[in-house]
Amino acid sequence: MNARSDQLHPPIDPNRDHVLGPADAEMTLVQYGSYADFRSRAVHAVVEGLRSRFGDRMRYVFRHLPVEGKPAALRAALVVERVAASTGKFWEIHEKFMELGPTLSEADIDQAAREHGVGAAAAEEGADGEGDGASARVREDVDSAFRSGAAASPTFYINGRRYTGTWDESSIADAMLAPLGHRIQNAAFKFVHWGPGSGLLLGLATLLALVLSNTALGPRFLAMWEAPLGIRLGGWDFTHSLLHWVNHGLLTVFFFVVGLEIKREFTVGHLATVRSGALPVLAAFGGIVLPAVTYATIAPPHLRHGWGIPIGTDTAFAVALIVLLGRRVPIELRVFLTAAVIIDDIVAILLIALFYSGEISAGYLIAGGVVTACVVALNRGGVYNPLPYAVFAFILWFVLHEAGLHATLAAVIMAVLIPTRPPANLKALLVQAGTIIHAEDRRAGEAMRSGPSEPALRALDAIHGRLESPADKLLRTVEPWSSYVALPIFAMANAGVVWSSGVFEGQGRLMSAIAIGLVIGKPVGIIVASWIAVRSGIAAKPDAYSWRQLAGAGALGGIGFTMSLFIAGQAFPDAADYAAAKIGIFIASLIAAAAGTLILLPQRPDVSVPEPGAKPQSIGTDG
């Protein structure tokens with residue numbers, strides 16, 4: 001599948017494109033627009049305001065993207081191009097048609113064609129595009145819109161990049177001027193939406209922690225994470241080390257996102273059916289059991305309680321490598337691996353709660369049950385406002401922490417219980433929003449009215465809230481904080497280790513157990529469990545990827561890193577054991593990443609890769 005980009009393609013050609021403004025203008029605004037369309041008519045006034053504001057500092061380019069289902073839109077574009085080819089008066093007729101907007105009729109098109117001497121043929125040229133150069137020109141613009149990622153009219157591009165902000169003059173002007181704050185925001189937005197970005201940031205945070213730990217600043221850096229932080233109210237003291245807050249508090253954000261992601265995949269995503277969802281589930285459990293058994297078999301008897309270390313997979317690193325491999329990894333394989341490693345992480349946090357927690361307080365445990373029951377009542381009662389769930393989430397985190405369980409368990413519970421909703425009727429919501437805005441627009445000129453009324457704003461807020469379920473909205477909002485804040489800080493806090501010969505003394509079996517569990521036990525467990533599931537008919541393997549590619553994904557599952565470090569920290573209170581475990585995890589994760597990449601690197605011979613710019617037969621999601 002060829003993914004649509006957000007870059008303008010092809011670039012502006014002054015000999016072909018319709019351009020207003022000097023070629024050396026400092027700002028360029030390109031619009032894909034349509035005639036006989038109320039939206040393009042509305043933004044036409046915005047473009048006029050921008051041209052008046054910037055003058056020769058701005059260059060404006062118009063390309064055609066006729067709205068579907070309106071023959072007048074296509075016929076108008078064809079007439080405009082014929083007029084431009086024969087008389088050069090593109091902007092004159094463009095202005096006329098834009099001013100008419102949705103009221104543009106076939107009689108208007110016929111009249112304009114006659115006035116400019118292009119004849120009736122231009123107005124009768126069919127939607128099939130058969131005709132003179134005008135139809136070819138419009139087809140080129142439509143194809144260019146597709147390749148540039150413009151899905152509908154109007155779509156704007158500022159200096160060659162698609163603009164995704166609001167269409168008011170002030171917002172577009174700010175984007176064109178690109179002040180420092182806007183440039184920083186835009187750069188951050190691009191980085192966050194770059195697939196490998198989270199993995200890269202996590203890797204840099206890890207590298208920084210390792211470097212600082214092995215310099216003169218090492219003792220101060222490691223001591224920083226032991227600094228106390230908390231709240232004291234009278235005799236009540238809730239103070240813990242900074243490391244504790246990171247591992248028990250900040251990492252809760254990550255597990256909340258993990259829970260929401262797996263919930264989405266198994267309710268409305270790629271794994272909603274039993275057979276499609278069975279393969280990653282069973283593969284994940286194979287990748288949990290065999291590494292744990294491998295570790296317990298090799299590790300020294302007094303360290304066998306660390307069997308949970310090799311069961312987890314670092315989602316950020318694994319997904320980042322898959323994205324970097326591009327078309328070599330089919331979308332179906334991305335979904336399989338992502339689901340499998342998320343299940344690993346969910347099981348890991350449950351195992352931590354069961355096997356690596358401290359002394360249990362019955363009173364707080366009962367309180368946790370009561371809070372959970374309240375959240376269930378909210379869910380069953382049809383409460384979709386996120387605020388009550390946020391309040392109960394903080395309470396649940398606290399009582400589980402005080403109960404002696406690992407507090408991140410609260411994130412998984414909340415992710416399961418936050419409600420989802422059936423998809424909204426988008427057409428009905430659009431009609432409702434349009435009706436409200438139209439009614440407000442008719443009253444805009446009334447005395448003592450400075451903007452939309454409060455009832456209208458509340459109604460629009462309700463419509464906006466219905467577009468997404470609370471679970472989907474929270475996932476979209478919280479996921480960047482998990483990937484780009486929580487995980488890098490966790491890596492900084494936990495990856496620091498002093499490399500010295502003393503670390504390796506007497507720790508060979510521990511490091512070997514971790515490394516073999518991750519590098520061999522994890523992929524073998526995933527492959528064997530998948531093979532058994534497919535051969536028994538319990539699950540179905542998509543034809544889009546081969547068993548070799550599944551083995552490569554299994555090898556990437558051996559990148560334990562974040563989760564393995566987390567469990568090692570809970571399992572080994574002794575600093576020497578924990579340091580040795582860290583080194584074993586680092587070495588194993590590097591080997592697993594290299595092995596998985598090498599296995600997935602060869603392109604499948606039966607996979608056809610479309611040429612750049614080619615339209616796919618169907619447009620779906622990239623998972």
Side-chain angles (χ1 to χ4, degrees), residues 6-8 12 17-22 25-68 70 72-73 76-77 80 90-104 108 141-142 144-145 148-179 181-183 185-186 189 430 433-445 449-452 456-457 460 464:
D6 62 353
Q7 300 283 346
L8 183 68
I12 297 169
D17 280 305
H18 302 298
V19 182
L20 279 177
E26 62 183 276
M27 298 172 284
T28 299
L29 179 68
V30 177
Q31 177 191 351
Y32 286 95
S34 173
Y35 304 112
D37 174 42
F38 73 94
R39 290 161 298 195
S40 293
R41 168 66 185 87
V43 300
H44 180 67
V46 173
V47 174
E48 288 180 338
L50 291 168
R51 281 186 42 76
S52 298
R53 178 173 179 175
F54 293 122
D56 286 343
R57 297 175 62 195
M58 168 185 167
R59 180 173 59 159
Y60 173 63
V61 179
F62 182 86
R63 290 179 177 177
H64 299 285
L65 184 56
V67 293
E68 296 181 3
K70 281 193 175 182
V80 168
F90 171 83
W91 293 109
E92 180 180 322
I93 190 169
H94 170 82
E95 282 277 308
K96 180 176 181 179
F97 282 179
M98 275 297 176
E99 290 296 334
L100 290 171
T103 65
L104 179 67
D108 295 324
D141 278 2
V142 172
S144 141
S148 302
S153 287
T155 298
F156 291 105
Y157 289 76
I158 297 175
N159 297 330
R161 180 172 291 276
R162 179 154 47 95
Y163 170 72
T164 57
T166 54
W167 293 343
D168 63 289
E169 182 179 330
S170 177
S171 298
I172 298 178
D174 285 345
M176 294 174 70
L177 290 168
H182 187 276
R183 290 198 299 269
Q185 180 183 356
N186 191 43
F189 181 84
L430 289 175
T435 302
I436 295 169
I437 293 172
H438 180 65
E440 290 296 305
D441 184 57
R442 291 176 60 187
R443 302 178 62 187
R449 282 180 64 92
S450 58
L457 291 175
L460 291 173
H464 179 261

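Because the structure is a prediction, the values reported are computed rather than measured. In this chain, residues are counted from 1 in sequence order.
In this structure, F90 and H94 have parallel ring planes: the angle between them is below the 30° cut-off, well short of the 60° mark.
Atoms CG and OG1, from D6 and T155 in turn, are 12.0 Å apart once rounded to the nearest 0.5 Å. To the nearest 0.5 Å, atom CD of residue Q31 and atom OH of residue Y163 are 13.0 Å apart. M58 contributes atom CE, which lies 8.5 Å from atom CG of L20 (distance to the nearest 0.5 angstrom). Here the CD1-CG distance, from I158 to L8, works out to 12.0 Å after rounding to the nearest 0.5 Å.
By the 4.5 Å heavy-atom criterion applied to side chains, E169 and L50 are counted as neighbours. L177 places a side-chain heavy atom less than 4.5 Å from the side chain of M27. Residues Y60 and V47 are in side-chain contact: their nearest non-hydrogen atoms beyond the backbone lie under 4.5 Å apart. Side-chain atoms of L29 and R59, non-hydrogen and from C-beta on, never get closer than 4.5 Å to each other. Between F62 and M98 there is a side-chain heavy-atom pair separated by less than 4.5 Å. With a 4.5 Å cut-off on side-chain heavy atoms, Y35 and V67 do not count as touching. Within the 4.5 Å cutoff, side-chain heavy atoms of Q7 are placed close to those of R161. Put simply, the side chain of V80 reaches to within 4.5 Å of the side chain of F97, judged on heavy atoms.
Taking all atoms of both residues into account, the shortest heavy-atom contact from R53 to S170 is NH1-CA, 4.5 Å. In terms of heavy-atom proximity, R41 sits nearest to G101 at CB-CA, 3.8 Å. Across all non-hydrogen atoms, the minimal contact from V46 to I172 is CG1-CD1, 4.0 Å. Closest of all the heavy-atom pairs between P22 and D56 is CG-O, 3.2 Å.
Using a distance-only test at 3.5 Å, with no hydrogens or angles considered, no donor-acceptor pair links the side chain of S148 to the main chain of A145. Under the 3.5 Å distance criterion, the side-chain polar atoms of S153 are matched with a main-chain donor or acceptor of L65.
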- Query: Stepwise, does the side-chain hydrogen bond (donor to acceptor under 3.5 Å, both in side chains) test hold for E95 with H44?
  - Reply: CA-CA 9 Å; E95 282 277 308; H44 180 67; 3.1 Å; yes
- Going through the distances and angles, do Y157 and Y32 end up as a ring pair (Phe, Tyr, Trp, His ring centres under 6.0 Å)? CA-CA 8 Å; Y157 289 76; Y32 286 95; 5.7 Å; yes
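Around CG of D168, the count of heavy atoms belonging to other residues, nucleotides or ligands within 6.0 Å exceeds 12.
If you check the side chains of R63 and S144, you find a donor sitting under 3.5 Å from an acceptor. Using a 3.5 Å distance cut-off with no hydrogens or angles, the side chains of D37 and S34 do not pair a donor with an acceptor.
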